[in-house]
Structures are given as C-alpha cells and as structure tokens.
Amino acid sequence: MNPAFRAVLSPCTGVCTLGEDGLCDGCLRTGAEIASWSRMDDDERLHIMETVLPRRERRHDFAQRLPERRRLQAGLHPLDRPPPGSGWNQDELADLLPPGELAQAAVLAGLVPRASGTQVLLTRRTDGLRHHGGQVSFPGGRIEPTDAGVIAAALRESGEEIALRPEQIAPLGFLDPFVTISGFRVVPVVAAIDPDYVARPDPGEVADVFEVPLDYLMAPDSLRRVTMDYRGRPRVVLEYGWPGQRIWGATAAILFNLRQRLLGQ
C-alpha cells in the first residue's frame, strides 16, 4: 500500500452523529476512536479499518433487524450506566437470602431477529449443577475479578456455555437487577444475537439451547402466577408454560421485567 495513502486512511462518511450504542452512525467508530484518529499510527488505523469495523458492521446489521430495538433502547438502562440497587425483588426474598453480601452475576437476555419474529434465546441447565440444575435459564454466571464489568462477564459466560462469540452479540442495555434465593444479585444484559449463530453447549453446564417467540413471552396471558407455601408463608412464583420446557422462577421474573421495560410500564 502507498505510504501516503495509508497515512490519511479514514472511514468517515460525513455522518458524524453518535448513536445510542455509543458508535458513530456513519463510520461505526467510538467517540474516543474518532478523537484519537489523528494520533494513531498506521498499524492502529489499519487494525480498526480491517478488523474492528467489519465486526461492528455485522453486529450493527443484525441489531438493526430487531424490530423492538428502539423501544428497548428507550426503556432499558443504558450501556454506559449499569443499574444501581440490590434488586427489585429483594424485599420478597429478605427471609430466604443467605447471610453476607450478595454475589455479583450477569446473564445475557439474547434476542434473535428471525423472519418469523424475534426469538428469545434460552438454555436448560445440566441436571447435576449446584445452583438451579435442570432449570431453564439465560446464559450467564458470576462476575469474576478478571471481568471488565457486567457486559464482559455476560459475554464471557455465553462463550463458555454455548460458544456465542462476542461479534455475534450486540448489547442494547440493562434490565433491573434481580436477586436469587441462592444469594446472587443478577444484572441481565439485553442484546441482539446474530441469527446465524450455531450453539455448541458445554455439556457440563448446558443440556439444551432453544428459542421461544418474544411475542409469546410478552403476552400477559402467557404468564401464570402460582402461589406456593415455602418456608412458612405463601409465595408467588412466575411461570410460563412452553411445550417441553418449564420457564419459571428467576428466568420468568427477568422476562416479566423485560416486558415492563419494553412496554414502558
């Protein structure tokens, strides 16, 4: 490549507006990348041009195909401000939580744009797991000290559990934190998922990967409230009936919170 050409490489299209995802609507660079572009050397620019931006373009494409994208980004906690608070359901579980501080965790609430409509990506955990074995769940787990934050933890866990790659995930925002009776404060990351993904579940953690239509999960009539006696008093458990799967407990509650955020309730 001509050195003089390399020195002035720029993906700028003249549309210099940052979108809700923090990327320029024209060139898909971040604000920091645009500001530092003139100070980068040729190798840094080429890496962004030839490696980083093509991946973002693919993510931008399948995120744009999600019909609910704008409503979600308007209703979710923004990506640059993870939600505070211990959990919207903590009062209900106050007498069930183990002593000590809650462990921090993240899950990926993945939405897949399909021709038939948006699908929600779910897993069924392997029966022998210590926490929530055999239950339907979102990919995710504990936030480790090496994780850069909530999103990084959700992406890492999704890769480990079902082989989703970071470039196949376009984060959109956060739902409200949720507390589990096993002592976790869970922050759900809502994201668009590349419809071309091929799940390869880790058999030590995930027994099954499947999709359920978002329209079904967002319909009020699909959600049941089951009252059960547990540790001395009646408690209400949320549950969806889906052929071959029981979607209940924490997963159903997170989906209920997604409905609230999506509909602005």
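Since this is a predicted model, take the numbers as computed values, not measurements. Computation of the quantities below employed the complete heavy-atom set of this structure, encompassing side-chain atoms and omitting hydrogens, waters and symmetry-equivalent molecules.
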Asker: Quick one: pull up CG in Leu102 and OG in Ser86 and give me the separation to the nearest 0.5 Å.
Answerer: 7.0 Å

Asker: Looking only at side chains, do Asp208 and Gln245 share a donor and an acceptor under 3.5 Å apart?
Answerer: yes

Asker: Testing the 3.5 Å rule here: is there a donor-acceptor pair between the side chains of Thr118 and Glu68?
Answerer: yes

Asker: Distance-only, no hydrogens or angles: does the Arg125 side chain make a donor-acceptor pair with backbone N or O of Gln135 under 3.5 Å?
Answerer: no

Asker: Once you round to the nearest 0.5 Å, how far does CZ of Phe138 lie from CG of Leu255?
Answerer: 4.0 Å

Asker: Donor-acceptor pair, Thr251 side chain versus Ile247 backbone, under 3.5 Å?
Answerer: no

Asker: Which heavy atom of Ile169 sits nearest to which heavy atom of Ser158, and what is that distance?
Answerer: CD1-CB, 4.4 Å

Asker: Salt bridge or not between Arg165 and Asp194? Use side-chain N to carboxylate O under 4.0 Å.
Answerer: no

Asker: Counting C-beta onward and ignoring hydrogens, is there a side-chain heavy-atom pair between Arg259 and Leu223 closer than 4.5 Å?
Answerer: yes

Asker: Could you tell me if the side chain of Phe174 sits less than 4.5 Å from the side chain of Arg81, heavy atoms only?
Answerer: no

Asker: Contact between Cys12 and Arg29 at the side-chain level, heavy atoms closer than 4.5 Å - yes or no?
Answerer: yes

Asker: Work out which heavy atom in Gly204 is nearest to a heavy atom in Thr126; give both atom names and the distance.
Answerer: C-OG1, 3.7 Å

Asker: Quick check: do Arg65 and Pro195 have side-chain heavy atoms less than 4.5 Å from each other?
Answerer: yes

Asker: Work out which heavy atom in Ala191 is nearest to a heavy atom in Pro171; give both atom names and the distance.
Answerer: CB-CA, 3.7 Å

Asker: Taking Asp176's backbone N and O only, do any of them form a donor-acceptor pair with Asn257's side chain (distance below 3.5 Å, no angle check)?
Answerer: yes

Asker: For Leu79 versus Gly173, what's the shortest heavy-atom pair and its separation?
Answerer: CD2-N, 3.4 Å

Asker: Identify the two heavy atoms, one from Ile193 and one from Gly110, that lie closest to each other, and give their separation to 0.1 Å.
Answerer: CG1-CA, 3.6 Å

Asker: Would the distance check show the side chain of Glu44 and the main-chain N or O of Asp41 forming a donor-acceptor pair, the cut-off being under 3.5 Å?
Answerer: yes

Asker: Quick check: do Met40 and Ile48 have side-chain heavy atoms less than 4.5 Å from each other?
Answerer: yes

Asker: Heavy-atom distance under 4.5 Å between the side chains of Val237 and Arg224, does that happen here?
Answerer: no

Asker: Please step through side chain to side chain contact (heavy atoms under 4.5 Å, CB included) for the pair Met218 and Leu258, ending with a clear verdict.
Answerer: CA-CA 8 Å; Met218 297 298 99; Leu258 175 60; 4.0 Å; yes

Asker: Checking Glu211 against Leu122 for the side chain to side chain contact (heavy atoms under 4.5 Å, CB included) test, could you report, in this order, the C-alpha distance in whole Å, the side-chain angles of both residues, the deciding distance, and whether it holds?
Answerer: CA-CA 6 Å; Glu211 296 178 7; Leu122 294 168; over 6 Å; no

Asker: Please report the interatomic distance CG(Leu66) to CG(Leu111), rounded to the nearest 0.5 Å.
Answerer: 5.5 Å

Asker: Regarding Thr123 and Ser137, do their side chains bring together a donor and an acceptor under 3.5 Å, going by distance alone?
Answerer: yes

Asker: When rounded to the nearest 0.5 angstrom, what is the spacing between CD in Glu160 and CD in Glu157?
Answerer: 5.0 Å

Asker: Do Leu72 and Tyr216 sit in one hydrophobic cluster, given that two such residues count as connected whenever their side-chain heavy atoms are within less than 4.5 Å of each other, even indirectly?
Answerer: yes

Asker: Answer with yes or no whether the hydrophobic clustering places Leu28 together with Leu46; edges join I, L, V, M, F, W, Y residues whose side-chain heavy atoms lie under 4.5 Å apart.
Answerer: yes

Asker: Indicate yes or no: at least one non-hydrogen side-chain atom of Val209 is less than 4.5 angstrom from one of Tyr197.
Answerer: yes

Asker: If I compare all heavy atoms of Arg246 with all of Val136, which pair ends up nearest, and what's the gap?
Answerer: O-CG2, 3.4 Å

Asker: Just how far is it from atom CG of Leu214 to atom CD of Gln119, taken to the nearest 0.5 Å?
Answerer: 8.5 Å

Asker: Is there side-chain contact between Leu53 and Pro11, with at least one heavy-atom pair below 4.5 Å?
Answerer: yes

Asker: Given the side-chain rings of Phe210 and Trp242, with only the six-membered ring counted for Trp, is the space between their centroids under 6.0 Å?
Answerer: no

Asker: Applying side chain to side chain contact (heavy atoms under 4.5 Å, CB included), run through Leu175 and Leu76 and close with a yes or a no.
Answerer: CA-CA 6 Å; Leu175 291 174; Leu76 297 172; 3.5 Å; yes

Asker: Between the side chain of Asn89 and the main-chain N/O of Val179, is any donor-acceptor distance below 3.5 Å?
Answerer: yes

Asker: Could you check whether any side-chain N or O of Arg185 sits under 3.5 Å from a backbone N or O of Gly87, counting only pairs where one atom can act as donor and the other as acceptor?
Answerer: no

Asker: What's the spacing between Arg69 CZ and Phe62 CZ if we round to 0.5 Å?
Answerer: 12.0 Å

Asker: Taking Thr30 for the side chain and Glu33 for the main chain, is one N or O donor matched with an acceptor at less than 3.5 Å?
Answerer: yes

